[in-house]
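Read the numbers this way: they start at 1 and go in the same order the structure lists the ligands and their atoms. The figures that follow rest on heavy atoms only: side chains count, while hydrogens, waters and symmetry mates do not.
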Amino acid sequence: MTSPHPVIDHPEVPAALAEIINALSTAAIDVNAIIGHGPLGQTLGAQVGENTDGDTQKALDVQADEMFAHALGQTDVRWYASEEQDIALELNPGGACAVAIDPLDGSSNIDVNVSIGTIFSIFDAKDDAGASFLRPASEQLAGGYVIYGPHCALVVTFGNGVLMFVLDRDSGRFELAAPELHIPEKTSEFAINASNRRHWQAPVRAYIDTCLAGADGPRGRDFNMRWVGSLVAETHRILSRGGVFLYPGDARKGYAQGRLRMVYECAPIAFLAEQAGGLATDGSKPIMSHKAPDLHARIPLVFGSAEEVREVERAHADDTKALEA
Ligand code: AHG
Ligand code: MN
Ligand code: MN
C-alpha cells in the first residue's frame with residue numbers, strides 16, 4: 001500500500017482493485033497539491049521534451065507520469081502503459097493487473113489555471129503487455145479519471161454504474177459524493193474544436209450544421225457550444241449535466257483517426273459514458289467494441305447524451321448510404 005491509511009475506503013470499491021485505486025488516489029492528491037501551488041511552486045508548463053507521438057511533453061506531464069508509476073509500483077500492477085512512455089513498463093512480474101494511464105490530460109491548460117486531469121484504465125494482466133492492453137475495451141475492469149479543478153474529484157466505474165468521490169481538503173481523503181452519475185438522454189450542448197471545421201468529413205459537418213441552424217433548422221431548437229481543451233473537463237461537464245463531445249478524424253496530416261488515444265483516453269471515457277447511461281462511438285461502431293492495434297493508436301471519439309450520439313451515428317450512416325447510391 002502506498003499509504004497506511006487508505007485515502008479512499010468504500011465498500012463500492014471492489015477489494016481486488018482497492019489497493020490500485022488507493023495508490024492512484026494517493027498520487028493524485030500529490031499531483032493536485034503541486035498544481036494547486038500554481039506559479040508560486042515549480043515550473044509546470046515548460047516544454048521538456050517530446051513523447052512517442054511527437055507531442056510536446058511539459059514538465060508536469062513527466063512528473064505526473066513518474067509519480068503514478070512509482071505509486072503503482074507498490075501494488076499488484078504488472079504492466080504500466082502511459083502516454084508518456086514509448087512501451088509498457090513491467091512494474092511487478094507477479095502482478096495481476098495492467099494499468100493504462102494518461103498521467104496529465106489537458107497539458108495546454110496547465111499554465112492557465114483551467115481544469116486538467118488524469119485518465120486511467122485497468123485490465124487483468126496477461127503474460128505480455130500487448131495482450132494486456134490491445135483487447136476489446138469491454139474487457140476493462142475499471143475506468144476513470146481524476147479532475148484537478150476548483151475541487152478535486154475521482155470518477156470511476158467498475159462496470160456497475162459510475163461513482164464520484166470528492167477530495168475533502170480537511171481530512172485529505174476522497175469521500176463518496178455521488179453513488180450514481182447519470183448522463184441525461186437529451187442535451188442541447190455540443191463540444192468540438194470548431195477551428196477544424198474546414199478539415200472535417202461530410203457527416204461531422206452535416207451534424208454540426210444542423211445544431212448551428214438552431215431553432216430555424218431541422219432540430220427545431222437552439223444549441224450551445226463548449227470547448228475546454230481538456231478531455232477530462234469536458235467529460236466531467238457531460239457527466240454532470242449532459243452534452244455531446246466530438247473529436248472526429250479529419251483531413252489534417254496525422255489526424256485521420258482524430259487526436260485521442262484509444263487505450264488510455266477513449267476506452268476509459270467510453271466505459272464511464274456507457275455506465276452513466278450515455279453512448280460512445282467512433283461514428284459507426286461503439287468504442288467499447290474496439291481494440292487498439294497498438295498502445296498509442298488514435299480513434300475518433302464521440303460520446304455523451306444518447307440522443308445526440310445517435311444523431312451523429314445517423315449522419316455517418318446517411319453519408320455511407322449516399323456514397324453507395
Ligand atoms: P493531452 O494533454 O493528454 O495530450 O490531451 C489533450 C487532448 C484532450 O484533453 C483534448 O480534448 C484535446 O487534446 C484538445 O485538442 P485540440 O488542442 O486539438 O483542441
Ligand atoms: Mn489526454
Ligand atoms: Mn496527457
Handout entry: E265 heavy atom under 4.0 Å from ligand 1
Key = yes
Fill in the blank from the handout: Near L104 (heavy-atom distance under 4.0 Å), the atoms of ligand 1 are 2 (O), 3 (O)
Handout entry: Closest approach of any protein heavy atom to atom 10 (C) of ligand 1, naming residue and atom
Key = G229 O, 3.5 Å
Practice task
Check whether any N or O atom of R259, backbone or side chain, sits under 3.5 Å from an N or O atom of ligand 1, and answer yes or no.
Solution key: yes
Practice task
Measure the distance from atom 18 (O) of ligand 1 to every protein heavy atom, then report the residue, atom name and distance (to 0.1 Å) of the closest one.
Solution key: Y247 OH, 2.6 Å
Exercise for the section: Using a cut-off of strictly less than 2.8 Å, determine whether D102 has an N/O/S atom near the Mn ion (ligand 3). Expected result: yes
Practice task
Provide the number and element of each atom of ligand 1 under 4.0 Å from a heavy atom of S230.
Solution key: 9 (O)
Practice task
Show which atoms of ligand 1 fall inside a sub-4.0 Å distance from at least one heavy-atom site of E83.
Solution key: 3 (O), 4 (O)
Problem - Test of ring centre spacing under 6.0 Å for F190 and W227 - result: no
Completion exercise
Heavy-atom proximity to atom 11 (O) of ligand 1, picking from D55, D102, L231, N51, points to L231
Exercise for the section: Taking both backbone and side-chain atoms into account, decide whether E83 has an N/O/S atom under 2.8 Å from the Mn ion (ligand 2). Expected result: no
Practice task
Give the numbers and elements of all ligand 1 atoms closer than 4.0 Å to a heavy atom of S107.
Solution key: 2 (O)
Practice task
For the Mn ion (ligand 3), decide whether L104 has an N, O or S atom at a distance under 2.8 Å.
Solution key: yes
Exercise for the section: Calculate, to the nearest 0.5 Å, the distance between atoms SG and CG belonging to C97 and L72 respectively. Expected result: 10.0 Å
Handout entry: Contact check: N193 vs ligand 1, nitrogen or oxygen atoms, below 3.5 angstrom
Key = yes
Exercise for the section: Report, rounded to 10°, the angle at the Mn ion (ligand 2) between the two atoms OE2 (E265) and OD1 (D105). Expected result: 120°
Fill in the blank from the handout: closest protein heavy atom to atom 5 (O) of ligand 1 is D105 OD1, 3.2 Å
Exercise for the section: For N224 and E189, test the side chains for any donor-to-acceptor distance below 3.5 angstrom and give the result as yes or no. Expected result: yes
Handout entry: Short N or O distance, G106 and ligand 1, threshold 3.5 Å exclusive
Key = yes
